[in-house]
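Structure first, commentary second.
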Amino acid sequence: VTPCWRAVPASSSFASGGVIHLKSDIVITEPFLTIAGQTAPGDGIVLSDFTVYVVADHVIIRHLRFRAADSEHGGHAESRRSLRIGPRSEGAGARHVIVDHVSASWGIDQTFDTKNSADVTVQWSMISESLSASLHVKAKDGKARRHGLAALLSGGSRITYHHNLFAHHQGRVPMFDGQSADFVNNVVYHWSAYATNLRAGSRVNFVKNYYKFGPENPAPASPRARGIGIKDPTTRVYLQGNCSDFTSQYCDGPAGPQEDQWAMTYQFYSGPSPAPTHHRSPTRFPHSPVAEDSAAASYARILAPGAVGATRGANPDGTPKSARDATDARVVASVINRTGGVIDKVYPAGPHHPWFPEGSPSDLPEGTFPAYETGSPYTDSDGDGIADPWEVSHGLDPLHPGDGNHYAANGYTHVENYLNELAGDRITGYGLVPP
Ligand SMILES: [Ca+2]
Ligand SMILES: [Ca+2]
């Protein structure tokens, strides 16, 4: 399987499913690009071994899996993220990016970052199982440091995270480092060291999120059980309608009084709790509109069958399709059942740091990197990017390569409608426009 996202402006479709073992980092620099993982047959697409960076504007990524993992053939362990919207190190990031129904896991540095970017939405995605004791060689006080950290969200503004699932990380779930963001309707499950923390200059709205304890969570008496750690005096947060196992009386009923939201905070790393109130913003920071649920309702929606992560709605012939893989299915079940653990390694026989034991019980429950069916390509006789059965069922000409980019009655091109329908979106107002 070969990545094919150089042509621009363009939609990138996949003729085959399966695991793409990258040979180097991928840096997306060309703007106006849609990467449509929902077009892949078989079990869909997985990108592994190296990091995908997006530094281009106007990029849409849907229904893809990013699982870097700890193969000996992969990128440098100290920077092996699975996905980052933003630059590899310093410099400008991306603008106008949508990440939808992505599954990211098994990063060795973090798993899924946004950095120095603006006007970014990350929605209905899974960020799970950052690798803890993996290939790290960082050491502190003579001990190797575990580093199962979910997401470093540094710099940038007008960034929205809504309806995402974070599960099984040590910390940084996520970490805001000088970023202005709207964090809404997310589920944060099972942090073994700490959950969300904020560094200097961050401006973050926490609205209607659900923080749930897991088996190795800090004990309820620990400040770190509270979920949201704040330290720097320049950091401000707005809290509304969140619930957690720490404030569980608000998870199943009406939102509690605004005052009680502050019980979910503490001074990072193990300081007083709740955090000092000078961090508190009385009003919500400017944000993009989001169709909000209550914390409890978003929890139910996110964990519903096939809802979050890389899944698909339909095949080109209209038959329903679900491509949630075994890993995501396991993680979702572990959230519901309050089970699972932070894991160290994906490849049990692969290299490991000598300070960490090989083959620990917390290795990947699947045993090793799962297998994925490649499937058979869908027939696209005219090469316009739309498979024949969809063209026929929607009144297009499967032998006319020009009609895919014509506009339908709902204002989207036929290719866009095709991609959206394969992704499981409900299409309204569709119809052919007479020439
Ligand atoms: Ca076609
Ligand atoms: Ca056609």
Worked verdict on Val415 versus Asn405 for side-chain contact (heavy atoms from CB on, under 4.5 Å): CA-CA 6 Å; Val415 168; Asn405 280 326; 4.1 Å; yes

Working for side-chain contact (heavy atoms from CB on, under 4.5 Å), residues Leu149 and Gln170: CA-CA 6 Å; Leu149 306 179; Gln170 285 182 285; 4.3 Å; yes

Pair Thr111-Ser130, side chain to side chain donor-acceptor pair (under 3.5 Å): steps then yes or no: CA-CA 6 Å; Thr111 287; Ser130 298; 2.7 Å; yes

Working for salt bridge (Lys or Arg N to Asp or Glu O under 4.0 Å), residues Asp57 and Arg95: CA-CA 5 Å; Asp57 298 345; Arg95 291 187 61 173; 5.8 Å; no

side-chain contact (heavy atoms from CB on, under 4.5 Å) assessment of Arg199 paired with Thr235: CA-CA 7 Å; Arg199 283 180 173 169; Thr235 295; 5.8 Å; no

Derivation and outcome, side-chain contact (heavy atoms from CB on, under 4.5 Å), residues Arg280 and Ile230: CA-CA 10 Å; Arg280 182 169 172 172; Ile230 314 166; over 6 Å; no

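For Asn209 (side chain) and Asn186 (main-chain N/O), a donor-acceptor pair under 3.5 Å exists by modelled atom type. Thr51 places no side-chain N or O within 3.5 Å of a backbone atom of Ser82 that could act as its donor or acceptor partner. A donor-acceptor pair under 3.5 Å is formed between the side chain of Lys321 and the backbone N or O of Gly42. Panel note: side chain Ser222, backbone Arg224; a donor-acceptor pair is recorded below 3.5 Å. A donor-acceptor distance shorter than 3.5 angstrom exists from the side chain of Asp380 to the backbone of Gly385, with no hydrogens or angles considered. Judged purely by atom type and a 3.5 angstrom limit, Ser117 has no side-chain atom pairing as donor or acceptor with the backbone of Thr114. Asp113 places no side-chain N or O within donor-acceptor distance of the main-chain N or O of Ala151, the cut-off being under 3.5 Å. Distance alone, capped at 3.5 Å, is enough to place a donor-acceptor pair between the Arg338 side chain and the Phe213 backbone. In this structure, Ser125 contributes its side chain and Val102 its backbone to a donor-acceptor pair below 3.5 Å. The backbone N or O of Glu216 sits less than 3.5 Å from a side-chain atom of His190, completing a donor-acceptor pair.
With respect to Thr160, the side-chain contact (heavy atoms from CB on, under 4.5 Å) criterion is satisfied by exactly one of Ile98, Thr121, Val122: Thr121. Each of Arg67, Glu129, Arg65 was scored for a side chain to side chain donor-acceptor pair (under 3.5 Å) with Ser105, with one residue passing: Arg67. Test Val27, Ile26, Val59 against Val54 for side-chain contact (heavy atoms from CB on, under 4.5 Å) and you get one pass: Val59.
Note that the CG atom of Asp425 and the CG atom of Leu419 stand 10.0 Å from one another [nearest 0.5 Å]. Put simply, NE2 on His147 and CD on Gln110 are 5.5 Å apart, with the number rounded to the nearest 0.5 Å. Rounding to the nearest 0.5 Å gives a distance of 5.0 Å between CZ of Arg84 and NZ of Lys115. Here CG of Leu239 is found 9.0 Å from CG of Asn205. Values are rounded to the nearest 0.5 Å. For the atom pair OG (Ser294) and CG (Asn185), the distance works out to 7.5 Å, reported to the nearest 0.5 Å. Taking OG from Ser154 and CG from Asn116, the interatomic distance works out to 5.5 Å, rounded to the nearest 0.5 Å.
The aromatic rings of Trp124 and His101 lie parallel to each other, their planes meeting at an angle below 30°, with 60° marking the opposite boundary. Between His96 and His58, the angle of the ring planes stays under 30°, which puts this pair in the parallel group of the 30/60° scheme.
For Phe112 and Phe66, the ring centers sit 6.0 Å or farther from each other. If you look at Phe206 and Phe176, their ring centroids are closer than 6.0 Å. For Trp106 and Phe369, the distance between ring centers is under 6.0 angstrom.
The minimum heavy-atom distance between Tyr194 and Arg172, with the atom names listed, is CE1-N, 3.1 Å. Closest non-hydrogen pair, Thr339 versus Tyr189, comes out as O-OH, 2.8 Å. A pairwise comparison of heavy atoms in Asn242 and Lys208 identifies OD1-N, 3.2 Å as the closest pair. Shown here for Ala193 and Pro218, the closest heavy-atom pair between the two residues is O-CG, 3.4 Å. Residues Ser71 and Arg80 share a closest heavy-atom pair of O-NH1, 3.0 Å. Here the closest heavy-atom approach between residue Tyr347 and residue Ala69 is recorded as CE1-CB, 3.9 Å.
Residues satisfying the side chain to side chain donor-acceptor pair (under 3.5 Å) test with Ser157, not counting sequence neighbours, are none. Remark: Arg324 pairs with Val308, Thr311, Ser322, Asp328, Ala329, Val332 by the side-chain contact (heavy atoms from CB on, under 4.5 Å) rule, at least two apart or across chains. By the ring-ring contact (aromatic ring centres under 6.0 Å, His included) test, Tyr372 pairs with no residue at all, sequence neighbours left out.
There is a side-chain donor-acceptor pair under 3.5 Å between His168 and Ser334. Asp325 and Thr327 share no donor-acceptor pair across their side chains, judged by distance under 3.5 Å alone. His21 and Asp49 are linked by a side-chain donor-acceptor pair at a separation below 3.5 angstrom, with hydrogens and angles left out of the test. Under the 3.5 Å distance criterion, with hydrogens and angles disregarded, no donor-acceptor pair is assigned to the side chains of Arg226 and Tyr211.
Phe183 is listed as a side-chain neighbour of Pro174, based on a closest heavy-atom distance under 4.5 Å. Here the side chains of His163 and Gln123 are not in contact, with every heavy-atom distance at 4.5 Å or above. Taking 4.5 Å as the limit, every side-chain heavy atom of Phe166 sits out of range of all side-chain heavy atoms of Val187. The side-chain heavy atoms of Tyr378 and Thr39, taken from C-beta on, include no pair separated by under 4.5 Å. The shortest distance between side-chain heavy atoms of Leu131 and Ile343 falls below 4.5 Å.
A salt bridge links Arg62 to Asp100: one of the charged nitrogens lies within less than 4.0 Å of a carboxylate oxygen. Classification of Arg284 and Asp182 as a salt-bridged pair holds, one side-chain N sitting under 4.0 Å from a carboxylate O. Ionic pairing of Arg158 and Asp119 is present here: one or more N-O contacts between side-chain nitrogen and carboxylate oxygen are shorter than 4.0 angstrom.
More than 12 heavy atoms of other residues, nucleotides or ligands sit less than 6.0 Å from atom OH of Tyr269.
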